[in-house]
Amino acid sequence: MTSEPVLQVKDLATYYYLGDKELKAVDGVSFDIQSGRTLGLAGESGCGKTTTAYSIMRILAENGQIVRGSVKLGGLELTSLSDEEIRKVRWKKASIVFQYAMNAFNPVLRIGRQIVEVIREKDDVSEEEAVMTVSSLFDEVGLKPERQNEYPHEFSGGMLQRAIIAQALACDPQLIIADEPVTALDVIVQNKILDLLRNLQKKYNLAVLFITHDLSVVAENCHDVGIMYAGNLVEVGDATAVFKRSLHPYSYKLIGAFPSVIGPKKRLHFIPGTPPNLLDLPKGCKFHPRCPFAKDICKTEEPEFREIEKGHYAKCHFAGELDLGGA
Amino acid sequence: MTTAEPILSVRNLRKWFPVRRGIFSSLFQEQQYVKAVDDVSFDVAKGSSIAIAGESGCGKTTLARTILRLTHPTDGAVYYEGQNIFEMNRIELSEMRLRMQLIFQNPFEVLDPRHTVEDLVGEGLVIHQIEESDEVLHDRVIKALEDVRLIPAEQFATRYIHELSGGQLQRIAIARSLILNPNLIIADEPVSMLDASIRTEVMNLMTDLQKEKDLTYIFITHDLAQARYVGEYLIIMYLGKIAEMGPMEEVIQNPQHPYTKALVSNIPIPDPTEKRERIMLPGETPTPIDLPPGCRFKDRCQEFGPQCKPEEPELVEVAPNHFVACYLKYAAQ
């Protein structure tokens, strides 16, 4: 924990502009990722996890804008880079693996060709060298090197996801952002891909930002966990701490909503109501209308994001004081 | 399955889809088939809830569609309350359609955005030409909305679907089915599209409704952890066939088929302190075209051995109501 984190996100806020309305997709998110560690960013649809990732990579839709905060990758501030400069960061320093591998490749070009293109765009290497690199990358992700001459439709979902990972690694990045990388896959294939990601992370000492809605996958694959709700990071910390000693009522309830195949059948939690409309957010704590512990202060004052125990942060007025299981 | 009279019996059901070919191969090669459902038999007891689970391409959705007679089988029969649904005439079929309802995965695709909730929920009654005055129709819609806890129902009735959340939409989809007084509901991944915090609410609602309305459920799902919370009996499919079926907890806690063992061991657990041994299977699930003879799992099976005969293994009963299609279990007989 002493070394400088690879990725430092501080008070990041990204809004989308819809006509004259302002949609606060991400509003004040802060976290760090050290090299060799995985932070799982989890939450339900619309909580801002993907917008956070897109803000880091600066691949937001046209109407999206980073309005506040800082994103530092290896000490380099990304939010103020020009379009030309950020292009040099993508793939070289940070790359992203998307959910739908099917859509990530051009269907009419051979897969190897597409990765060679990325390498030659970013690094000053010859065609032959780039092809050699692709061969060794394919080998590394468990694909036969000769398959680089095939087209995307000849690959299964799991194989495409491997090819995407090969592409993400092509230019030796320090950070990989994986946006729901296994959600579309069956569990057995899913675990093979996750094992692959984990092994590569160890080998190259990568920092990984893992975005998913599935807390079971987070529990098994991430060192640290961040839980998002309505554009806020409501809790972040070591995975065991967040799962076993949740500080925020939302994290506690959300974790309890996931069924398990082992142990006795527990009563699953649910949270009454629905997440707020991001165009019309409640005052105070954004979770208060659904929170069983809400008091008057929660309705008027937005809680601070603060460190409750070492490395374990939460955005709740009563974090650490609540008997969450008693609700 | 139990002593109770089955509401539905599936017997040797097959659904094969021909693989389309060019003119040349059609002259010189035998016609190939995707054997999506291949000789499947099971009973569903009245008032029970069963879950049919497996990976993509295992045939679970084709099985559901065939049970509903949305597609005609290649072979076999489905008996609904003792009558073969493939031999029903139009009137009988229409009757059956009232009693056997389907709930889809994605309520956004099922519900027409231009209609009000009232129109959507009442649509089934109108389609089936159940003679009702406007007042009675309205009352039945309100009752159905109250049944799925969309309260105040009068307010929900006037809304359009873009005003509602995913969980509310799925409840409207359930209300659409309930208004026809079904006794069997086939739900194809009913909560997979929903966020975790509202999923449990919909699952609990379905469980409550089962008791209130004396319903029988068939859940189709890819998620065994979810299946555990909705079904009492579990059927595991692999490449169009039943690999294992038995009481839910027994199959989940003590799987017998090598495929089920691998599948269960790979389900992620929402607890970072739980470290389990995973059974890794080589390769990926093949497509069910032109399968080699014998057990369809043998190429990936970690327990393949001399006991495995060249023919396809039949289901054998290893414990009361617990069946496994594996030669390893033959020796125990």
Check [X] against [Y] and note the closest heavy-atom contact, atom names and distance.
X        : Y        : answer
A:Glu44  : B:Ser197 : OE2-OG, 2.7 Å
B:Thr200 : A:Ala257 : OG1-O, 3.9 Å
B:Ile198 : A:Ile271 : CG2-O, 4.4 Å

Rounded to the nearest 0.5 Å, what's the gap from [atom1] on [X] to [atom2] on [Y]? Could you check?
X        : Y        : atom1 : atom2 : answer
B:Ser265 : A:Ile262 : OG    : CD1   : 11.5 Å
B:Asn266 : A:Asp186 : CG    : CG    : 10.5 Å
A:Phe270 : B:Leu194 : CZ    : CG    : 14.0 Å
A:Thr274 : B:Leu164 : OG1   : CG    : 10.0 Å
A:Leu268 : B:Met203 : CG    : CE    : 5.0 Å
B:Asp271 : A:Leu215 : CG    : CG    : 11.5 Å

Using non-hydrogen atoms only, which part of [X] is less than 4.5 Å away from chain A: side chain, backbone, both, or neither?
X        : value
B:Ser56  : both
B:Glu274 : side chain
B:Asp223 : neither

Are [X] and [Y] packed together at the side-chain level, in the sense that at least one heavy-atom pair is separated by less than 4.5 angstrom?
X        : Y        : answer
B:Ile269 : A:Glu220 : yes
A:Val187 : B:Pro268 : yes
A:Lys265 : B:Ile252 : no

Can any side-chain N or O of [X] pair as donor or acceptor with the backbone N or O of [Y] at less than 3.5 Å?
X        : Y        : result
A:Lys244 : B:Pro272 : no
B:Glu201 : A:Pro272 : no
A:Lys192 : B:Met280 : no
B:Tyr229 : A:Arg267 : no

Selection from B:Gly166, B:Gly57, B:Ser165, B:Ala196 maximising heavy-atom pairs under 4.5 Å formed with chain A: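 Among B:Gly166, B:Gly57, B:Ser165, B:Ala196, the one with the most close pairs to chain A is B:Ala196.
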Taking every non-hydrogen pair under 4.5 Å, which of A:Cys222, A:Gly256, A:Pro264 racks up the most with chain B?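 Of the options given, most contacts go to A:Pro264.
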Scan for salt bridge (charged side-chain N to carboxylate O under 4.0 Å, His left out) pairs involving residues 225-235 of chain B, sequence neighbours excluded, and state none if there are none.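 Passing the test, one end in residues 225-235 of chain B: B:Arg228-B:Glu249.
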Heavy-atom count around B:Lys275 NZ within 6.0 Å, excluding the residue itself: above 12?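 Atom NZ in B:Lys275 is crowded, with more than 12 foreign heavy atoms closer than 6.0 Å.
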